[in-house]
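Notes to accompany the following structure.
Atoms within each ligand, like the ligands themselves, are counted from 1 in listed order. Because only heavy atoms are used, hydrogens play no part in the values below, and waters and symmetry mates are left out as well, while side chains stay in.
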Amino acid sequence: MGNSRKQTSAAGTDMVEKMDEFDAIIIGAGVTGLYSLYRLRKLGFSVRAFEEGGGVGGTWFWNRYPGCRFDSESYTYGYSFSEELLQEWDWKEHYSSQPENERYLNYVADKFDLRRDIRLNSRVVSAVFDQDESRWQVQLEDGHRARSQFLITSVGILSAGYMPDFEGIDSFKGKWCHTGRWPAEGMDLVGKRVGVIGTGATGVQLIAEIAKEVAHLTVFQRTANFCAPLRNSPIDAQTQREIKASYPEIFKKCMETPGSFVHQFDPRSAMEVSPEERLEQYERLWAEPGFKKWLANFHDVMIPGQANEDYAEFVRNKIRERVHDPVVAEMLVPKDHMFGSKRLPCESGYYEVYNQDNVLLVDVRAAPIERITPKGVKTADAEYELDVIIFATGYDAVTGSLNKLDIHGEGGQTLKDKFTNGPRTYMGISSAGFPNLFTINAASVGNFVRAAEPLVDWVSDAMCYVRENQFTRISATFEAEDAWVDHVAEAGAKILRTQADSWFVGANIPGKARVLLTSPDSAPVMRAMRTEVAANGYEGFLLQ
Ligand code: NA7
């Protein structure tokens, strides 16, 4: 580590440039970055993680907006790799909030002494593959440079914030921010006229929380979402003991389900039972916390078709029951997309917010936002005066965070150019022509940590295979990549996540190709596929 490298200057004289050398560079110190660092170090690789933020935690470092919390059960979201960690850490709530999640990831960084290999405030601006030496050269914004054999992008799937290109934002006299860059010192919203643009998973968490303190809230909604009560609660001492005693069973359950959540689908079809029995199950599960309402429901509730529409109508009626004004209620009832085709937010008192006198819901599908003015937001039919504007407008998912890194592979081609019409990878992990680059962020989906841990393990094993067999490079073959891209398109066309225009398919970003950005397969299928690939000597990969 920390070698100096001799280089030849333009004038032909030797100069010595200090350049840190590592076996692996990890970009990002969030959930996957921290675990990658832990695992690779344990396997004897020299590693350095570069993190843009001023602290570790990734998603849980940046998303400090009020109301930010898990929708997954806290005890299913923690790392499983250390029994000691599992026993030491007490999750305080069933669905833990951002401050606690950030504390947890800091605790992990300290406990495993990860900080000594993490450089904070280090934004990567380019990564260039040196073909002669088979090494990646990484350039940071502050001028620092480093090289490594392997490059791992642990930059998250939702980390490149999306701001609509509204004219006039610089003229706004009040304060504004994107939820993904919420200021660490907080935003003073007490007694203010606040506008929120966006009603996705972030917007519904935020709105329910800030409606308690603002003077007036204007919500600019383009698409109504299917949301359901989270029903969060503290974890009492007895439950804490039970959780700690049953981690192996909890994780085993998670590993058996399609999205790595702890809930098992009911194998029956909603349509094969009587209407009474169907409704009884819908109601019983509705009273339960979290995603159980749909992920433990009849299995076909989450497949396009009759059962899905039947459940959608059940949820629509639940929304109608909670909102007093029938006109506002109908604005909040989703009618233009299938249940589950967009990410399903869980909420805590979201719909009741619209019963408050100081809350206004504005339909910006009917009258789109035209511009931001010095006073607030101007739509096609009115101007709304505001002191604060909050953009809960989402992310340029998966590829957005990769594009920001400006990655150049063999022959100087950029990953951004290669991905113009959608990601071209093999299993989300590797792209032909980009040797020793593992795009970990592009392959995890579902209950994030449960999906990320086995993925990091697989990548680490692949790196060991390269090292032990004296190869210098590994990358997907063009054939394997083409077949995977075709598979994503074909299998993806049949699943719920591709049926609506959302970040799942890049449709939230104007001009972005409409392609499923993650795997269409379930987590167990993905793991089995990767295991088979490894067992067959990394079939589909070029080893040199
Ligand atoms: P989402 O789910 O992409 O939601 C973004 C929201 O912003 C959504 O309601 C959008 O409406 C709205 N939006 C975006 N652009 C505009 C414009 N130009 N005008 C009005 N409204 C707009 O992002 P989130 O941050 O809520 O959630 C991201 C993920 O984080 C989530 O899935 C969880 O996994 C965690 P639209 O629906 O596109 O009409």
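Each of the atoms 25 (O) of ligand 1 lies under 4.0 Å from some heavy atom of Tyr395. When each atom of ligand 1 is checked for a heavy atom of Ala392 under 4.0 Å away, the hits are 5 (C), 6 (C), 7 (O). Remark: ligand 1 atoms within the under-4.0 Å shell around heavy atoms of Arg365 are 39 (O). The ligand atoms of ligand 1 that sit less than 4.0 angstrom from a heavy atom of Gly198 are 6 (C), 7 (O), 9 (O), 12 (C). Which parts of ligand 1 touch Ala201 is read off a 4.0 Å heavy-atom cut-off, strictly below it: atoms 26 (O), 31 (C), 33 (C).
Protein heavy atom at the shortest distance from atom 23 (O) of ligand 1 is Gly394 CA, 3.2 Å. Of the protein's non-hydrogen atoms, the one nearest atom 28 (C) of ligand 1 is Trp503 NE1, 3.9 Å. For atom 34 (O) of ligand 1, the closest non-hydrogen atom of the protein is Arg343 NE, 3.2 Å. Looking from atom 37 (O) of ligand 1 to the surrounding protein, the closest heavy atom is Lys342 NZ, 2.9 Å. Regarding atom 4 (O) of ligand 1, its nearest protein heavy-atom neighbour is Gly200 CA, 3.6 Å. Among protein heavy atoms, the minimum distance from atom 27 (O) of ligand 1 is reached at Thr202 OG1, 3.6 Å.
By the 30° and 60° cut-offs, the orientation of the rings of Tyr354 relative to Tyr350 is perpendicular. In this pair, Trp91 and Trp89 present their aromatic rings perpendicular. The plane angle is above 60°, beyond the 30 to 60° band. Using cut-offs of 30° and 60° for the angle between ring planes, the Phe226 and His337 rings count as perpendicular.
The residue from Val219, Thr223, Leu332 that alone fulfils the side-chain contact (heavy atoms from CB on, under 4.5 Å) condition with Thr199 is Val219.
Counting heavy atoms closer than 4.0 Å to ligand 1, residue Tyr162 contributes side-chain atoms (C-beta onward) but none from N, CA, C or O. Residue Leu158 touches ligand 1 through its side chain alone, judged by heavy-atom distances below 4.0 Å. Neither the backbone nor the side chain of Gln221 comes within 4.0 Å of ligand 1, counting heavy atoms alone.
Aromatic rings from Tyr384 and Phe220 are positioned such that their centres are separated by under 6.0 Å. In summary, the aromatic rings of Phe81 and Tyr35 are positioned with their centroids under 6.0 Å apart.
The pair Lys404-Asp396 does not meet the salt-bridge criterion, since no charged nitrogen lies less than 4.0 angstrom from a carboxylate oxygen. Lys335 and Glu330 are joined by a salt bridge, as a carboxylate oxygen and a charged side-chain nitrogen come within less than 4.0 angstrom of each other. Arg316 and Glu309 are joined by a salt bridge, as a carboxylate oxygen and a charged side-chain nitrogen come within less than 4.0 angstrom of each other.
With distances taken over non-hydrogen atoms, the option nearest atom 14 (C) of ligand 1 out of Met163, Arg222, Gln205 is Arg222. Among Asp336, Thr199, Thr179, the residue whose heavy atom lies nearest to atom 9 (O) of ligand 1 is Thr199. Nearest-heavy-atom check against atom 36 (P) of ligand 1 across Thr379, Asp165, Val377, Thr223 picks out Thr223.
A search for ring-ring contact (aromatic ring centres under 6.0 Å, His included) contacts involving Tyr282 returns Tyr311, Phe314, not counting sequence neighbours.
For the pair Phe166 and ligand 1, a heavy-atom separation below 4.0 Å is found.
No cation-pi contact links Arg343 to Trp503, judged by a cut-off of 6.0 Å to the six-membered ring centre and 45° from its axis.
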